[in-house]
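For reference, the structure is listed below as structure tokens.
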2 protein chains.
Amino acid sequence: MKKQVEDKKAALLEAALKLFTERGFHGTSTAQISKEAGVATGTLFNYFPTKEDLINALYFDVKEKLSRSMGKDVQAQKTYKEKLRKMWYNLVEWGIENQDQFLFVGQFCSSPYITSHTREVVMEEYVFFHDLAMEGLANGELGDYPPEMITSMFYQSSRTIVDYILYSEPQDKNKAIEDGFQVVWQGVSKK
Amino acid sequence: MKKQVEDKKAALLEAALKLFTERGFHGTSTAQISKEAGVATGTLFNYFPTKEDLINALYFDVKEKLSRSMGKDVQAQKTYKEKLRKMWYNLVEWGIENQDQFLFVGQFCSSPYITSHTREVVMEEYVFFHDLAMEGLANGELGDYPPEMITSMFYQSSRTIVDYILYSEPQDKNKAIEDGFQVVWQGVSKK
DNA sequence: TCTGGTATTGACTATTTAGTCATTTTCATT
DNA sequence: AATGAAAATGACTAAATAGTCAATACCAGA
């Protein structure tokens, strides 16, 4: 029973992910989401009292997965540059392998349907990222820029490279990923 | 008469800009837009046959303004680095001074309501940008990266810095703008 | 097999929506 | 002042919407 519950909830989130990205928030009806998920219209509202709750839960879900992928094996790297490189590859590879989630985040990160509460909760998942920037500033590996600026530039650049790879389809994706890292590292590291 | 026509059209675009950014595309009714613009509901459809036509016209309008600001006085600069710096300042300052348009573009650039036709037409306004990257590659000022990658990184970084300035509100905005340029220039220039 | 509580269903509704169109207003020209 | 064509109006409609709720299905434990 518990299993089935999770199944339906996951199916609803998956359906919502696909449809919201394809057709937008108000462009997708709750009926369409239920149908795509293979459940009754009422079932959606058992799990998510309102449509807004649904998209906020979905946003949190996706951002959490992203944050987990992002941090994987980073602390195991020897040098600071290797830590950043690991994180870069985690980010870009996740984006390529999870296109739908990647596009969803891009489309809804500044959307009015995501509440400031959701944004705050999501933020907490990313403190380790901020800490890593602080570490680089403290040990002199990074140029003397505000940490929020560094993290933003790093994260947004990874999105830019994923977009570039998905849209321009370069022959050598790995080259593109490494090129991207070189640009960012040259940009933020201390000369 | 001609004057008034343009007034109403402009009022509709302005109202749509504000409301779409605040409440999303389907979250904003055509009635709300008409009301905000101070015209009758029918008038909107005289100028824009459908709601989609309206948002596409608006998107084109804003992107065109951005492209014009972006290129201003760039060719008058002496060195290549100065050309890029001029463009960087044009971009970031436009974003700060035109927050509403800046946010609108960010929110709708990858939205399903913007047709691929609109995207293509908008693209044409930005060939000079691509050409500038080619120029930098040809004269050895830029690192050996694909030009599309360079333009994307440059443009998206400018967006990141505007976001950073609007959201983090650093004491010294000009320092932040110049810092941003340093990061990007270090990133894409040849070492 | 029976019990009782939980999960699921889908018909239903009150509201909202994009777009229409017959009518009225505006105003340059005569 | 008279004309007429273009612009503006807003009441209207057919369709779609988020969310409800009474009825049903399910299933673990006794």
Side-chain angles (χ1 to χ4, degrees), chain A residues 1-60 104 108 111-115 117-118, chain B residues 1-61 104 107-108 111-115 117-118:
Chain A
M1 182 170 65
K2 184 72 179 306
K3 182 69 173 300
Q4 288 221 3
V5 163
E6 289 309 311
D7 278 358
K8 290 208 199 299
K9 199 169 177 177
L12 281 163
L13 287 169
E14 196 183 339
L17 173 69
K18 183 189 164 197
L19 293 171
F20 283 154
T21 309
E22 271 172 15
R23 316 162 65 93
F25 178 69
H26 278 103
T28 305
S29 69
T30 53
Q32 283 175 298
I33 297 170
S34 305
K35 194 178 176 186
E36 175 83 22
V39 304
T41 64
T43 304
L44 188 154
F45 294 96
N46 288 342
Y47 295 104
F48 310 100
T50 71
K51 200 182 171 187
E52 283 221 338
D53 287 330
L54 169 58
I55 198 172
N56 277 271
L58 177 59
Y59 185 77
F60 175 75
F104 173 79
F108 289 95
S111 121
Y113 314 120
I114 306 298
T115 67
H117 174 255
T118 300
Chain B
M1 182 170 67
K2 184 74 180 306
K3 182 68 174 303
Q4 290 222 0
V5 162
E6 289 309 311
D7 277 358
K8 290 210 200 294
K9 198 170 179 179
L12 282 162
L13 287 169
E14 197 184 337
L17 174 69
K18 182 189 165 195
L19 294 171
F20 284 155
T21 309
E22 270 173 16
R23 316 162 64 94
F25 178 68
H26 278 103
T28 305
S29 70
T30 53
Q32 283 175 298
I33 298 169
S34 306
K35 194 177 175 189
E36 174 82 22
V39 304
T41 65
T43 304
L44 187 154
F45 295 96
N46 288 344
Y47 294 103
F48 310 99
T50 71
K51 199 182 170 188
E52 282 220 339
D53 288 329
L54 169 58
I55 198 172
N56 277 271
L58 177 59
Y59 185 77
F60 175 75
D61 203 58
F104 173 79
Q107 208 173 118
F108 289 95
S111 122
Y113 315 120
I114 306 299
T115 67
H117 174 256
T118 301

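Treat the numbers as computed from the prediction; the structure is a model and nothing was measured. Each chain gets a letter, A, B and so on, in the order the sequences are listed, and its residues count up from 1.
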Please report the distance, rounded to the nearest Å, between [atom1] in [X] and [atom2] in [N].
X: A:Y113; N: D:dA18; atom1: OH; atom2: C1'; value: 14 Å
X: A:F45; N: C:dC12; atom1: CZ; atom2: C1'; value: 14 Å
X: B:K35; N: C:dT17; atom1: NZ; atom2: C1'; value: 16 Å
X: A:E52; N: D:dG19; atom1: CD; atom2: C1'; value: 14 Å
X: A:K51; N: D:dG19; atom1: NZ; atom2: C1'; value: 11 Å
X: B:N46; N: D:dT9; atom1: CG; atom2: P; value: 9 Å
X: A:D7; N: D:dC26; atom1: CG; atom2: C1'; value: 15 Å
X: B:L44; N: D:dA8; atom1: CG; atom2: C1'; value: 12 Å

Mind checking whether [X] and [Y] have side chains closer than 4.5 Å, heavy atoms only?
X: B:F45; Y: B:T30; value: yes
X: A:F20; Y: A:I33; value: yes
X: A:F104; Y: A:I55; value: yes
X: B:H26; Y: B:Y113; value: yes

task = Please tell me which of B:T41 and A:Q32 maps to the more 5' nucleotide of DNA chain D, matching each residue to the nucleotide holding its nearest heavy atom.
result =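 Checking each residue's closest nucleotide, the 5'-ward one belongs to B:T41.
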
Look at all strands and tell whether [X] reaches a base, only sugar-phosphate, or nothing, counting heavy atoms closer than 4.0 Å.
X: B:S29; value: sugar-phosphate
X: B:T30; value: base
X: B:T28; value: sugar-phosphate

request  = Select one nucleotide: of C:dT20, D:dA7, C:dG10, the one nearest the side-chain heavy atoms of B:Y47.
outcome  =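 Taking heavy atoms from C-beta onward, the closest nucleotide is D:dA7.
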
key: Side-chain donor/acceptor contact of A:T50 with base of D:dA18 under 3.5 Å   =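 No.
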
task = Quick one: do B:F108 and B:L58 satisfy side chain to side chain contact (heavy atoms under 4.5 Å, CB included)? Show the steps, please.
result = CA-CA 10 Å; B:F108 289 95; B:L58 177 59; over 6 Å; no

